[in-house]
Amino acid sequence: MTTKYSDLALADPLKRAVADMGYETMTPIQAQAIPVVLAGQDVMGAAQTGTGKTAAFSLPLLQRLLKHETASLSPARHPVRALVLLPTRELAVQVADQVKQYAKYTQLRSAVVFGGMDMKPQTAELRQGVEVLVATPGRLLDHIEAKTAVLNQVEYVVLDEADRMLDIGFLPDLQRILNYLPKQRTTLLFSATFSPEIKRLAESYLQNPVLIEVARPNATASTVEQHFYLLDDDDKRRAIRQVLKDKQLRQAFVFCNSKLGTARLARALERDGLKTTALHGDKSQDERLKSLEAFKAGEVDLLVATDVAARGLDIKDVPAVFNYDVPFHAEDYVHRIGRTGRAGASGVAVTLVTRGDQRLMGELEKLLKTKIELEHLEFDGERPHGRANDGRRRWQDHETGDSRDEARRVRGERRAPPPRPAASAPVDPFFSQPYTAETDAEQAPPAWDTPQRPRTGRSANIKPKRAVAALFKAPAPTP
DNA sequence: AAAAAAC
């Protein structure tokens with residue numbers, strides 16, 4: 001198989017554009033997909049992000065458009081010949097930029113349409129006529145209804161990040177769009193991950209697709225060093241700072257599961273003295289683009305984001321990714337940590353795990369087909385207990401500054417828990433037991449699926465699933 | 001327990 005761009009049957013303008021970008025050797029997905037697309041076949045491609053997917057479909061697609069010129073169509077009819085659909089606005093911008101690069105020496109015109117921006121400039125551009133349209137679903141439907149996008153002559157459709165495009169939230173819009181397209185067309189479908197259900201659904205949109213798989217699907221880049229730290233919610237922010245310091249990391253992405261959580265965490269980290277920006281879907285498009293630019297320009301240390309930033313975003317040199325929350329969907333873990341260690345660079349992925357994340361961690365182990373070892377993070381100095389992570393001041397003795405538990409112990413109250421362990425020894429949050437160097441030496445952090453207590457007496461009657469789940473519950477407070 | 005995509 002040829003792996004050099006110079007060996008490909010690409011038109012001269014495309015070869016020049018590729019050379020301008022300094023590309024000589026194709027990546028595996030490119031080497032496999034380009035000949036197939038050039039041959040006009042449907043593709044179902046599984047490839048991790050950062051492997052050159054965009055070039056893998058845009059180059060052969062542009063080549064096909066050049067080769068089969070639809071001659072003498074009036075520009076007033078502005079037929080779109082190739083449509084590329086993406087699940088986020090940022091991705092649409094990114095892919096559109098690349099398509100423009102590859103097409104710059106050809107007569108082919110491209111445009112990008114997405115929401116959150118004035119429709120008028122987009123409409124004007126579409127009226128000029130474009131051969132390649134890059135879009136997010138919602139805004140594209142607006143343009144279809146306004147008759148500014150005419151899709152009845154589309155020859156190629158690309159669904160990038162297809163697993164997301166086919167999920168329940170996007171499917172109705174996607175279905176409506178596909179109904180506007182001719183049945184006779186080439187469909188290219190790419191995703192980093194393929195669940196069995198998505199695979200089945202995807203197949204219903206394709207005709208005799210060629211399956212291309214360059215890495216094991218759902219695999220994570222081997223250049224990424226992954227850690228899972230088991231800790232309390234209260235210690236999460238401190239853990240981020242500790243890891244940044246230990247590993248000498250300049251910048252990082254921090255992922256949260258909710259928009260509100262993202263905004264809150266960004267503010268809190270800012271108070272901690274880190275330059276931080278937030279990115280989520282409730283921000284205006286202008287703010288979203290600015291956040292991303294500030295991170296790219298190195299003006300901020302941390303980009304705190306929802307999963308809007310999990311997929312496909314190609315930012316060079318993101319040295320680390322933190323999962324402040326364990327992602328709801330295991331596949332999103334793969335996408336999130338795919339932001340680091342791109343194009344062969346090394347990266348660090350740190351997931352902050354709490355006791356409540358048992359189920360999600362189980363799903364992650366299933367997806368990654370590996371047993372996840374939980375680690376304890378060594379904090380410099382004392383374990384923090386001055387503030388809860390919601391910002392409220394915790395109870396403290398006025399004079400000594402002791403915690404409530406410590407004060408009770410000093411007063412000799414019966415119900416006071418054992419003294420806090422030595423300053424630097426981390427507490428095992430699993431069982432809220434003192435955590436000492438000796439126990440640490442022999443006792444690895446507990447595995448998720450290993451029952452830690454013998455099931456005897458009453459608990460033997462509980463269904464196994466519940467019994468294991470019970471282990472993750474904090475011991476009930478004695479009345 | 002959520003996010004994204006349209007006004």
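Lettering of chains follows the sequences in order, A, B, ..., and the numbering in each one begins at 1.
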- request: Take atom CG of Asp307(A) and atom P of dA5(B), then tell me their distance rounded to the nearest Å.
  value: 12 Å
query: Rounded to the Å, how far apart are Phe255(A) CZ and dA2(B) P?
result: 18 Å
Aromatic ring proximity, centroids under 6.0 angstrom, Tyr156(A) and Phe57(A): no
- request: Measure the CD-CD1 distance between Glu365(A) and Ile372(A) for me, rounded to the nearest 0.5 Å.
  value: 4.5 Å
- request: Just call it for Gly281(A): base, sugar-phosphate, or nothing, with non-hydrogen atoms closer than 4.0 Å on any strand.
  value: sugar-phosphate
- request: Give the nucleotide from the list dA4(B), dA6(B), dA2(B) with an atom nearest to the side chain of Phe328(A).
  value: dA2(B)
query: In whole angstroms, how far is the C1' atom of dA3(B) from the CG atom of Asp282(A)?
result: 10 Å
field: Pairing of Lys236(A) and Asp233(A) as salt bridge, 4.0 angstrom limit
entry: yes
- prompt: Can a side chain N or O of Arg288(A) be found less than 4.0 Å away from OP1 or OP2 on dA5(B)?
  reply: yes
task: Just call it for His329(A): base, sugar-phosphate, or nothing, with non-hydrogen atoms closer than 4.0 Å on any strand.
output: base
field: Between Gln63(A) and Tyr102(A): side-chain donor-acceptor atoms closer than 3.5 Å
entry: no
message: Check the phosphate of dA4(B) against Thr306(A), side-chain N and O only, distance under 4.0 Å to OP1 or OP2. Yes or no?
response: yes
task: Can you tell me the distance, in whole Å, between the CZ atom of Arg264(A) and the P atom of dA2(B)?
output: 12 Å
message: Under 4.0 Å, heavy atoms only, any strand: does Gly261(A) hit a base, just the sugar-phosphate, or nothing?
response: nothing
task: Take atom CG of Asp167(A) and atom C1' of dA5(B), then tell me their distance rounded to the nearest Å.
output: 11 Å
message: Looking only at the side chain of Thr136(A) (C-beta and beyond, no hydrogens), which of the listed nucleotides dA4(B), dA6(B), dA2(B) gets closest?
response: dA6(B)
- prompt: How would you label the contact of Asp142(A) with the nucleic acid (heavy atoms, under 4.0 Å): base, sugar-phosphate, or nothing?
  reply: base
message: Tell me the interatomic distance from Gln285(A), atom CD, to dA4(B), atom C1', rounded to whole angstroms.
response: 12 Å
field: Interatomic distance where CG belongs to Leu166(A) and P belongs to dA3(B) [whole Å]
entry: 22 Å
message: As a test of reading the structure: which of dA2(B), dA5(B), dA6(B) is closest to the side chain of Phe114(A), going by heavy atoms?
response: dA6(B)
field: Touch class at under 4.0 angstrom, heavy-atom based, for Arg89(A) against every strand present
entry: sugar-phosphate
message: Rounded to whole Å, please give me the gap between CG in Leu174(A) and C1' in dA6(B).
response: 16 Å
query: What's the verdict on side-chain hydrogen bond (donor to acceptor under 3.5 Å, both in side chains) for Gln285(A) and Arg89(A), showing C-alpha distance, side-chain angles and the deciding distance?
result: CA-CA 9 Å; Gln285(A) 195 52 37; Arg89(A) 298 167 183 175; 2.7 Å; yes
